[in-house]
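The block underneath contains the structure these notes are about, expressed in structure tokens.
Below, chains carry the letters A, B, ... as their sequence lines are ordered, and counting in each starts from 1.
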Number of protein chains: 2
Amino acid sequence: MLRPRQVRLRDVADAAGVHPATASRALNPATRAQVSADTARRVLRVAEDLGYRPNPIARSLKTARSHTVGLVLPDLTNPYFPPVVRGIESALEPAGYHAWIVDTHNDPVRERAQIDSLCARRVDGLIVATARRDHPHLRALHADGVPLVLVNRRVDGLDVPSVAPDDASGIAQAVGHLAALGHLRVALVGGPATTSTGAARTRAFGHAVRDLGLAADPALRAEASQWTEAAGAAALRRLLDAGAACTAVVAASDLLALGCYDALAERGLRCPGDVSVVGFNDMPFLSRLRPALTTVRVAQAAIGAAAARLLFDAMADPPDAPRPARPSLFPVSLVVRESTAPPRRDRGLPRPRAGGAAPGTAFRTSWAAPSD
Amino acid sequence: MLRPRQVRLRDVADAAGVHPATASRALNPATRAQVSADTARRVLRVAEDLGYRPNPIARSLKTARSHTVGLVLPDLTNPYFPPVVRGIESALEPAGYHAWIVDTHNDPVRERAQIDSLCARRVDGLIVATARRDHPHLRALHADGVPLVLVNRRVDGLDVPSVAPDDASGIAQAVGHLAALGHLRVALVGGPATTSTGAARTRAFGHAVRDLGLAADPALRAEASQWTEAAGAAALRRLLDAGAACTAVVAASDLLALGCYDALAERGLRCPGDVSVVGFNDMPFLSRLRPALTTVRVAQAAIGAAAARLLFDAMADPPDAPRPARPSLFPVSLVVRESTAPPRRDRGLPRPRAGGAAPGTAFRTSWAAPSD
DNA sequence: GTGAAAGCGCTAACAC
DNA sequence: GTGTTAGCGCTTTCAC
């Protein structure tokens, strides 16, 4: 594509008066020792002067390596991911690797095509944030020896390196916080059980509720079909429609929590006045929301960087004998903001107010002085 | 990287009992006609059976085309961009193209390296969202015949296709809205004048202020050094420190506007009670903020898709004679939310309170039914 | 320490 | 309509 006839290794070799093979050796730091210091210097200088840029395509064809890793994301518009990407790139780039980002839009069909495309382009490894608990494709890739690291979510029984936040601890902290505020009936808007993260957070919720002696009512749980605001709203709506009386809800992600905001607002329920909400991830901009969301902080960039490092390990391993991998869990911490408060004392259960009359404006006025 | 010895064109040809060249012709829709229908069918079937995936690296080496375009973004953590990326991909993918996203972190040095890397990898074209008005590198790329489309920002005097929101109209609408609310002293937190977008919006602000007969005080303008929240906050801080008395501020982007929120909050000034704020872009999540930001809506995905289509045109042109390109402007519309209100009537100029009278609630009540 | 030669997987002239 | 040949730009044995 570059017009001015790209300068090739051959041009450098000619100008330096050596064979292309020698020039190649001189240019490659790893093989530079095979060449006399003098030749090396000369070749390097000529290459510099000519503005030689090695052609990665040709190199890849020969070496079957691309110095590129595929980064498979479920949804680039989810603000959680950009910081993860930054973390990944910060670890990749010093090593001369580049990330190729694909966005599956949470669509398994798209995902398959994207991953195939990455593999065809001979990425050296894959960092995957779209894993489902049952994921034959990833399983097959791993069996094929493709270096693979999972981020956030894992595949059931697949022994592949992974890095994720400590779901159990995060949920325990969230529920603990609500319990400490005096909440007894805490609901869960869980993530899809098809994802390990969804399942783990739901499981952790069960444990926390039990340990703290809160209401263990199954009617207090709903599962969102996707990790999106819309799905979060739909899930909480179902809960409320079924008459679930709760004074707080733990959402398995921030986006789900935002959906909860919407569902509560539709019902004329205020947060945290009527219902407290806790999210998970601490994605950007949360502190600016109304109300600012209490959530579980996850070190997004650190997780990304760790994933990249694990991938380097995996790429260094013999493909037929990858080292066994225990999931690496990142510590998390609760960030208390404004979406959580003690339950209303005047009545145990919030319900749509105005025993019939349309709610709405009456409530809005009281927003004038938000709870901050 | 795929373990089970990748099946090559040669394997398909052998299995189908034809020469590799014939198999190649059969597999490529563009050359399929050169081959007997029968052979084509057979080759296709065998390829399918064997799970043949053409090796794009080898193909690229031969053809010097990659079916890949580079996408150069200043900041992937800016929520404005993911929707643009979606738009671009939605236009690229049906044509069999893939986007390679790079994030320059607003760093020209990084940008140069990233673009070089993309070019080395033989992307077929570039969609660039990081242009500066003075941009020798982009100018050189264009001179070299690299197909190029600019998004949002342009390069002074560089005749390259570009697509951007209608800055002038957006700013006019923003200022017009504030004027209609009764504001007389409207400040500008402009974007970097090194970017065409920054310059255009600042220019438009001047025109709007003049046309509407508002205060044209130079002390009412500050320029942010970057398109970030921090730079927006710093700019407004400078304005306020210098004693600029304004009742509203137009920020040249949403992120700058969020910075303004911060600077106002630091001074104990309320938005919109004391100072109204308008942003630009209508990036995601704005309606959830406190206060929900009034802003200029930009069709992000549409802009992205248009950019991709322009790039197809540019790639189709002879590289030495690209068609002349007029910038394509996308219509924008003001979205009024909660960050704008009439100026306080009790005094012309807001100042840090504690002086006494706490205003506030009185204004909020009228928001009960926000206009969105 | 350097050169010669082969070849990664594919496509595109050019024959026949 | 199909086969032959050459070669994209590089790396890597293997000689010397």
Side-chain angles (χ1 to χ4, degrees), chain A residues 1-2 4-44 46-47 50-68 96 119-122 124, chain B residues 1-2 4-44 46-47 50-68 96 119-122 124:
Chain A
M1 133 190 184
L2 255 28
R5 177 141 199 73
Q6 198 69 18
V7 2
R8 299 154 305 170
L9 178 60
R10 209 195 129 135
D11 303 317
V12 174
D14 288 352
V18 297
H19 187 96
T22 306
S24 171
R25 288 187 270 253
L27 258 8
N28 183 337
T31 52
R32 189 166 300 153
Q34 302 172 19
V35 117
S36 82
D38 203 54
T39 312
R41 225 185 324 278
R42 192 155 29 96
V43 170
L44 254 12
V46 172
L50 264 45
Y52 170 70
R53 316 278 311 160
N55 182 332
I57 309 260
R59 177 180 292 171
S60 287
L61 183 58
K62 180 65 187 172
T63 62
R65 319 200 56 245
S66 60
H67 271 71
T68 292
C119 288
R121 289 184 150 83
R122 295 301 185 275
D124 297 334
Chain B
M1 133 189 180
L2 255 29
R5 176 139 199 73
Q6 199 69 14
V7 4
R8 298 153 307 169
L9 178 60
R10 208 194 126 140
D11 303 319
V12 174
D14 288 352
V18 296
H19 188 95
T22 305
S24 172
R25 289 187 270 251
L27 258 8
N28 182 338
T31 51
R32 190 166 300 154
Q34 301 172 19
V35 114
S36 83
D38 204 54
T39 312
R41 222 185 327 278
R42 191 154 31 96
V43 171
L44 255 11
V46 172
L50 264 44
Y52 170 69
R53 317 281 308 161
N55 182 332
I57 309 259
R59 177 181 292 170
S60 288
L61 183 59
K62 179 66 185 173
T63 60
R65 318 201 56 246
S66 61
H67 272 73
T68 292
C119 288
R121 289 186 151 82
R122 295 298 184 278
D124 297 334

For [X] and [N], give me the distance from atom [atom1] to atom [atom2], rounded to whole Å.
X: B:H19; N: C:dT11; atom1: NE2; atom2: C1'; result: 10 Å
X: B:R65; N: D:dG9; atom1: CZ; atom2: C1'; result: 19 Å
X: A:Q6; N: D:dG7; atom1: CD; atom2: P; result: 20 Å
X: A:R42; N: C:dG1; atom1: CZ; atom2: P; result: 14 Å
X: B:I57; N: C:dG7; atom1: CD1; atom2: P; result: 21 Å
X: A:L9; N: C:dA5; atom1: CG; atom2: C1'; result: 15 Å
X: B:R59; N: C:dA12; atom1: CZ; atom2: P; result: 9 Å
X: B:N28; N: C:dT11; atom1: CG; atom2: P; result: 7 Å

Can you tell me if the side-chain N/O atoms of [X] get under 4.0 Å from OP1 or OP2 in [N]?
X: A:S24; N: D:dT11; answer: yes
X: B:S36; N: D:dG1; answer: no
X: B:R10; N: C:dG9; answer: no
X: A:T63; N: D:dT11; answer: no

Between B:G17 and A:T31, name the one whose nearest nucleotide on DNA chain D is closer to the 5' end.
B:G17

When you match B:A58 and B:A33 each to their closest nucleotide on DNA chain D, which lands nearer the 5' end?
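With B:A58 and B:A33 compared, the 5'-side residue is B:A33.
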
Interatomic distance, B:N28 atom CG to B:Q34 atom CD [nearest 0.5 angstrom]
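The distance works out to 8.5 Å.
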
CZ-CG distance between B:R121 and A:N55, expressed to the nearest 0.5 angstrom
10.5 Å

Please determine, for the side chain of [X], which listed nucleotide ([options]) has the closest atom?
X: B:K62; options: C:dC8, D:dT4, C:dT11; answer: C:dT11
X: A:R8; options: C:dG9, C:dT11, D:dC10; answer: D:dC10
X: A:N55; options: D:dG9, D:dC8, D:dT5; answer: D:dG9

Look at all strands and tell whether A:T39 reaches a base, only sugar-phosphate, or nothing, counting heavy atoms closer than 4.0 Å.
sugar-phosphate

Could you tell me whether a side-chain N or O of B:D14 sits under 3.5 Å from a main-chain N or O of B:D11, the two making a donor and an acceptor?
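Checked: no pair found.
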
For B:L27, is there any backbone N or O sitting under 3.5 Å from a side-chain donor or acceptor partner on B:R32?
yes

Write down the atom of A:R122, the atom of B:I57, and the distance for their closest heavy-atom approach.
CG-CG1, 4.1 Å

Please evaluate the base of C:dG3 for a donor-acceptor partner in the side chain of A:R25 within a cut-off of under 3.5 Å?
yes

